Amino acid sequence: MGRTSPPLEEKAGLGKSKSHTAFSAASASSDEEKLAAAPQEAEIVNKFAWVERVPLLSSLFRQGAVELRGIERVPEEEREPRHAWNNLLMWISINAVLTTVPIGMLAQAFFTLTLPHAIAVIIVFSAIGSATVAFIATLGPQTGLRTMVITRYSVGYVGGSIFSILNILTQLGFSVIAVILGGQTLYNISEKLPLVVGVIIVSLVTLIVCFIGYDALHYYERYAWILLLIIFCMMYGLGGKAGYDPGAQVPLEDRGVDLAGDVLSFGGIIFSSASGWAPVAADFNCRLPANTPPYRVFLLTFIGLMIPLIFVETLGAALMTITLDAYTSAYENGDAGGLIAQTLTPWGGFGKFLLVLLAFSVIANNIPNTYSAALSIQALCPWFQRIPRAIWTVVVFVIYTVAGVAGREHFSSILSNFLAVLGYWTAFFIVIVAEEHYIFRRKHGMLGGYDLTAYDSFARLPVGIAGIFAGCCGVAGAVIGMAETWYIGPVAAHIGPFGGDLGFELAAVFSGIVYPPCRYLEIKYFGR
């Protein structure tokens with residue numbers, strides 16, 4: 001798939017030329033069907049007749065100031081390689097942000113791990129999670145489809161809608177975390193600025209970029225990381241001056257099976273912080289040419305995730321080892337935002353300026369959440385596709401802003417519980433999509449490829465019984481393996497007094513075992 005090949009639209013026509021890629025489309029019944037499957041950008045506006053009655057929206061759409069395309073497939077002639085390097089730079093910007101720091105802090109705050117153990121867990125589980133995102137990212141250029149639409153080829157239209165609901169909740173959760181921490185940090189700069197106002201400011205800036213769409217997102221994410229990585233380097237230095245103490249947690253760290261439970265539970269959170277991007281990974285590169293080498297997309301995405309996740313989460317873990325009273329009380333009284341503010345306090349006014357920049361860094365993290373949540377709403381059902389993607393971004397903005405205002409005083413508990421549960425569904429989602437791709441859609445597999453003109457057709461997509469059942473089995477695996485403050489599964493209960501979280505591992509194993517035989521029977525019986 002890394003070599004130059006004819007446009008996929010050509011392969012989707014009436015000709016009978018044989019394909020050498022798993023992503024060649026099956027024969028379409030007509031040229032009209034082919035064009036409807038991948039409409040031109042200028043044609044999409046005709047779907048939204050009611051927009052003509054709103055002069056401002058009509059003008060923005062007609063002039064191309066706002067991205068029109070939602071979940072419609074991108075035709076080959078409208079793709080270009082100009083954002084190819086953003087497979088690296090975008091993911092650095094998205095994760096080299098303020099919201100990544102508190103994830104590392106959880107190692108000591110919730111699991112009493114020493115710094116060396118925390119770093120080891122961060123590296124290993126970040127690598128596993130990043131690999132899953134990188135795999136999903138390779139599907140974007142080859143299909144020209146958004147992630148939630150690609151899932152329909154595994155679990156059918158109904159199953160894809162279920163995944164879309166889960167993804168909407170996931171992206172809203174990420175957004176709530178982002179706006180709370182951004183607002184919390186602004187509040188720590190000046191208590192004259194209410195926390196509610198800080199949350200709203202961060203949300204509004206995000207909305208502007210997401211409303212405009214794909215190109216605005218890529219331009220912002222291409223450069224956002226530069227200054228932020230410099231600031232995090234400064235924070236490493238300031239923390240070192242205050243005095244890191246790698247042995248500070250040694251007396252508190254558990255031993256034996258209890259330590260294993262802590263490692264697994266923290267590892268589940270680290271995995272989720274990376275794999276949580278898998279359900280949106282193809283949304284941001286589906287406009288790249290179909291002949292973009294998959295290995296290049298995989299490597300750039302993997303590296304783009306690993307650099308900031310390891311660098312910034314380790315910073316969070318390191319800051320928690322500082323034993324000075326000012327730092328410990330800052331975390332106790334102001335949560336993660338308080339500790340970050342205390343770290344920059346020695347630099348006075350300049351430190352506050354850096355804190356402002358860090359507060360607004362969460363915008364880079366929140367933009368993809370908002371953008372992809374809007375696309376997932378469109379993917380729920382045909383009726384929602386009649387409302388432009390840009391309008392759905394406004395709806396998403398309103399939901400997470402209200403939720404952020406409501407939950408602004410409970411940041412750490414929201415973060416730890418949300419990330420842990422998140423990993424469960426992303427685990428079986430990734431396994432199901434991967435098995436469909438490598439077993440049934442490979443060149444000599446039962447289906448031999450993807451009919452890219454069928455992405456929006458109930459009748460031509462898989463029935464979805466196998467995928468939905470495998471997902472349910474994945475949920476069962478997660479339930480017996482999860483270890484949360486509100487529930488400990490029977491398997492997890494055997495690992496330490498508070499349980500060791502094996503939720504995402506068992507979710508992946510259960511769905512991975514069940515899906516292939518069920519999908520085989522589904523194809524044999526229904527032929528799709």
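Bear in mind that the values here come from a model prediction, so they are computed numbers and not experimental data.
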Test item: side-chain donor near acceptor, Thr370 and Thr206, under 3.5 Å = no
request  = May I ask you to decide if Glu221's main-chain N or O and Ser93's side chain share a donor-acceptor pair within less than 3.5 Å?
outcome  = yes
key: Arg441 to Tyr153 six-membered ring, cation-pi geometry met (6.0 Å, 45°)   = no
Within-4.5 Å side-chain heavy-atom neighbours: Phe428 and Phe163 = yes
request  = Determine whether Arg152 and Asp456 make a side-chain contact, defined as any pair of heavy atoms from C-beta on separated by less than 4.5 Å.
outcome  = yes
request  = Determine yes or no for a side-chain-to-main-chain donor-acceptor pair under 3.5 angstrom, with Thr147 supplying the side chain and Ala282 the backbone.
outcome  = yes
ask   = If you measure from CG on Asn365 to CG on Leu98, what distance do you get to the nearest 0.5 Å?
value = 9.5 Å
query = Is there a donor in the side chain of Ser130 and an acceptor in the side chain of Trp91, or the other way round, less than 3.5 Å apart?
reply = no
inquiry  = When you compare the side chain of Arg69 with that of Val74, does any pair of heavy atoms fall below 4.5 Å?
reply    = yes
inquiry  = Is the shortest side-chain heavy-atom distance between Tyr455 and Arg460 below 4.5 Å?
reply    = no
Which residues share a salt bridge (charged side-chain N to carboxylate O under 4.0 Å, His left out) with Arg519, sequence neighbours left out = Glu436, Glu522
message = Are Ile399 and Val395 packed together at the side-chain level, in the sense that at least one heavy-atom pair is separated by less than 4.5 angstrom?
response = yes
request  = Identify, with sequence neighbours excluded, every residue that meets ring pair (Phe, Tyr, Trp, His ring centres under 6.0 Å) alongside Phe271.
outcome  = Phe504
task = Could you check whether the rings of Phe284 and His218 sit parallel, tilted or perpendicular, using 30° and 60° as the cut-offs?
result = perpendicular
request  = If the plane angle is over 60° it's perpendicular, under 30° parallel, otherwise tilted; pick one for Phe397 and Tyr400.
outcome  = perpendicular
task = Would you indicate whether the side-chain heavy atoms of Ser372 and Trp277 approach each other to under 4.5 Å?
result = no
inquiry  = Applying side-chain hydrogen bond (donor to acceptor under 3.5 Å, both in side chains), can you list everything that pairs with Thr301, at least two apart in sequence or on another chain?
reply    = none
ask   = Would you call the rings of Tyr371 and Tyr214 parallel, tilted or perpendicular, where under 30° means parallel and over 60° means perpendicular?
value = tilted
task = Check whether any side-chain heavy atom of Ile92 sits under 4.5 Å from a side-chain heavy atom of Leu229, and report yes or no.
result = yes
ask   = Does a side-chain heavy-atom distance below 4.5 Å link Val101 with Phe232?
value = yes
ask   = What distance separates Ile377 CD1 from Gln171 CD, expressed to the nearest 0.5 Å?
value = 11.0 Å
